[in-house]
Number of protein chains: 2
Amino acid sequence: MGGMREPLRELVNCGLPQALEVMGERWAFMILRASFNGLHHFEEFLSELGIARNILSNRLAKLVEHGILKRDSCADDRRKVEYRLTEKGFDLLPSMLALRQWGQKYSVECVENPVLVDERDRLPIGPVSILAHDGRILGPHDLWLSAREQVGIRTDGSHAEPTETVGRGDVVDLISKKAAAI
Amino acid sequence: MGGMREPLRELVNCGLPQALEVMGERWAFMILRASFNGLHHFEEFLSELGIARNILSNRLAKLVEHGILKRDSCADDRRKVEYRLTEKGFDLLPSMLALRQWGQKYSVECVENPVLVDERDRLPIGPVSILAHDGRILGPHDLWLSAREQVGIRTDGSHAEPTETVGRGDVVDLISKKAAAI
DNA sequence: GCAACTGGTTTCGAATCGAAACTTTAGAGG
DNA sequence: CCTCTAAAGTTTCGATTCGAAACCAGTTGC
């Protein structure tokens, strides 16, 4: 498909910057992880992560503001405040795990214990993956950018692009070529 | 199984902080995304993202240092430098997409055009997912933390824990209970 | 009433970010 | 060879953010 590559500056207009606005800040993912691990209180986060008091306060407020955590005073002891994940917060689990797995894969010491397993058979989970609509696992070379109105249509008349998709380095160019359709 | 929750400060000793050391910095993911989209040169990144010159220089150096990008002088024009994703860099695609999809899901305006599709049938890809070893898609409630040496063993004699796993809020506690096994 | 606990705010020095100017190396043209 | 320009950085300096420590304010338990 014609490779003009033109503007493509609308790149900035996708979900990534939105996500990074909150989760791109220092400590955001660590706090999220602590939440996933069952921490709910200010002082717990404080002692668990080595974060500064004011920064933690700031980050928790921002996470609440963005609807990732919700803040409730404990009924029984109104000194205490509970921070809990919302649905939106839970939806960050794949992002968090993908990042974690990547970090694990490429760090020498990192034995991972305890191991995150499937609750059903207690076997370790697999890698977080990009899936096709039908569940096939997709790699970088299986991806294509398609104009919104041409979704589902294979527009290759002249020669088959897919065979162009050889070697990982090409993937990016294939993607970017199609991106000119913005 | 007992839920002592004790130290668990070894949380910090997993892949996440490792990953965040590089990718937690401002702009890191945006640069990565630009790379995935086929940008290779300093001035391209510079004009595409709205990043400052010195910061871009700094970030690229750090990404190279961490083996996410590799830096090569162009043979034909030795003024030019090429930044290209390494294998390690490509392995960040699931993280990046997961983040992007999350941002998209929770932002009002974000129509996503062009759409990332499966190259085979040109249908939009599904959500980046946590998979079991056999490919089943796992949600937060399907996860369990198991001591390394007990992987594959269901240690529930008395009563079935899985039924405890009701409602999302409980997941985190289940996880953290098991985390005491560190 | 008073000490202790929880969850903050304030303050202030250190590190980081970002815009703009400056530097360096390499090709292009004459 | 000499100049002009492009590419990729560096430097500089003001503005922002981070982080440690001190301070503050409601609760609760005694």
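Keep in mind that what you see is a predicted model, and the values were worked out from it rather than measured. Order of the sequence lines fixes the chain letters, A, B, ..., with proteins taken first and strands second; residue numbering starts at 1 for each chain.
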Do any N or O atoms of the protein come closer than 3.5 Å to N or O atoms of nucleotides 22-24 of chain C, and which pairs are they?
none

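- Projected onto DNA chain D by closest heavy-atom contact, B:Lys80 and A:Asn58 fall at different nucleotides, the more 5' of which corresponds to B:Lys80.
- Within the structure, every side-chain polar atom (N or O) of A:Trp27 is placed at least 4.0 Å from both OP1 and OP2 of D:dC18.
- Side chain of B:Asp77, nearest nucleotide from C:dG27, C:dT16, C:dG18: C:dG27.
- OP1 or OP2 of D:dT10 has at least one side-chain nitrogen or oxygen of B:Ser57 nearer than 4.0 Å.
- Comparing A:Val81 and A:Arg26 by the nucleotide of DNA chain C that holds the closest heavy atom to each, the one mapping nearer the 5' end is A:Val81.
- Inspection of the A:Tyr106 and B:Asp91 side chains reveals an N or O donor paired with an N or O acceptor under 3.5 Å.
- For B:His41, no side-chain nitrogen or oxygen approaches OP1 or OP2 of D:dA7 to under 4.0 Å.
- Nearest nucleotide to the side chain of B:Tyr83, out of C:dA19, C:dC17, D:dG9: D:dG9.
- With respect to B:Arg120 and B:Asp118, no salt bridge is recorded, no charged nitrogen being found less than 4.0 Å from a carboxylate O.
- When all heavy atoms of B:Met96 and A:Leu16 are compared, the pair lying nearest together is O-CD1, 4.0 Å.
- Side-chain N/O atoms of A:Arg79 include none lying less than 4.0 angstrom from OP1 or OP2 on C:dG8.
- For A:Lys70, the NZ atom sits in a packed shell: over 12 heavy atoms of surrounding residues, nucleotides or ligands are nearer than 6.0 Å.
- Taking a cutoff of 4.0 Å between a charged side-chain nitrogen and a carboxylate oxygen, B:Arg53 and B:Glu43 qualify as a salt bridge.
- As rounded to whole Å, 8 Å separates atom P of D:dG19 from atom CZ of A:Arg59.
- Toward the 5' end of DNA chain D, the nearer of the two residues A:Arg78 and B:Leu60, judged by each one's closest nucleotide, is B:Leu60.
- Atoms CD (B:Glu43) and C1' (D:dG9) sit 9 Å apart, rounded to a whole Å.
- Side chains of B:Trp27 and B:Leu60 form no contact here, defined as non-hydrogen atoms less than 4.5 Å apart.
- The side chain of B:Arg71 sits closest to D:dG9 out of D:dG9, D:dA7, C:dG7.
- Nearest heavy-atom pair across A:Met30 and A:Leu49 is O-CD2, 3.8 Å.
- Residue A:Asn54 contributes atom CG, which lies 12 Å from atom C1' of D:dA22 at whole-angstrom precision.
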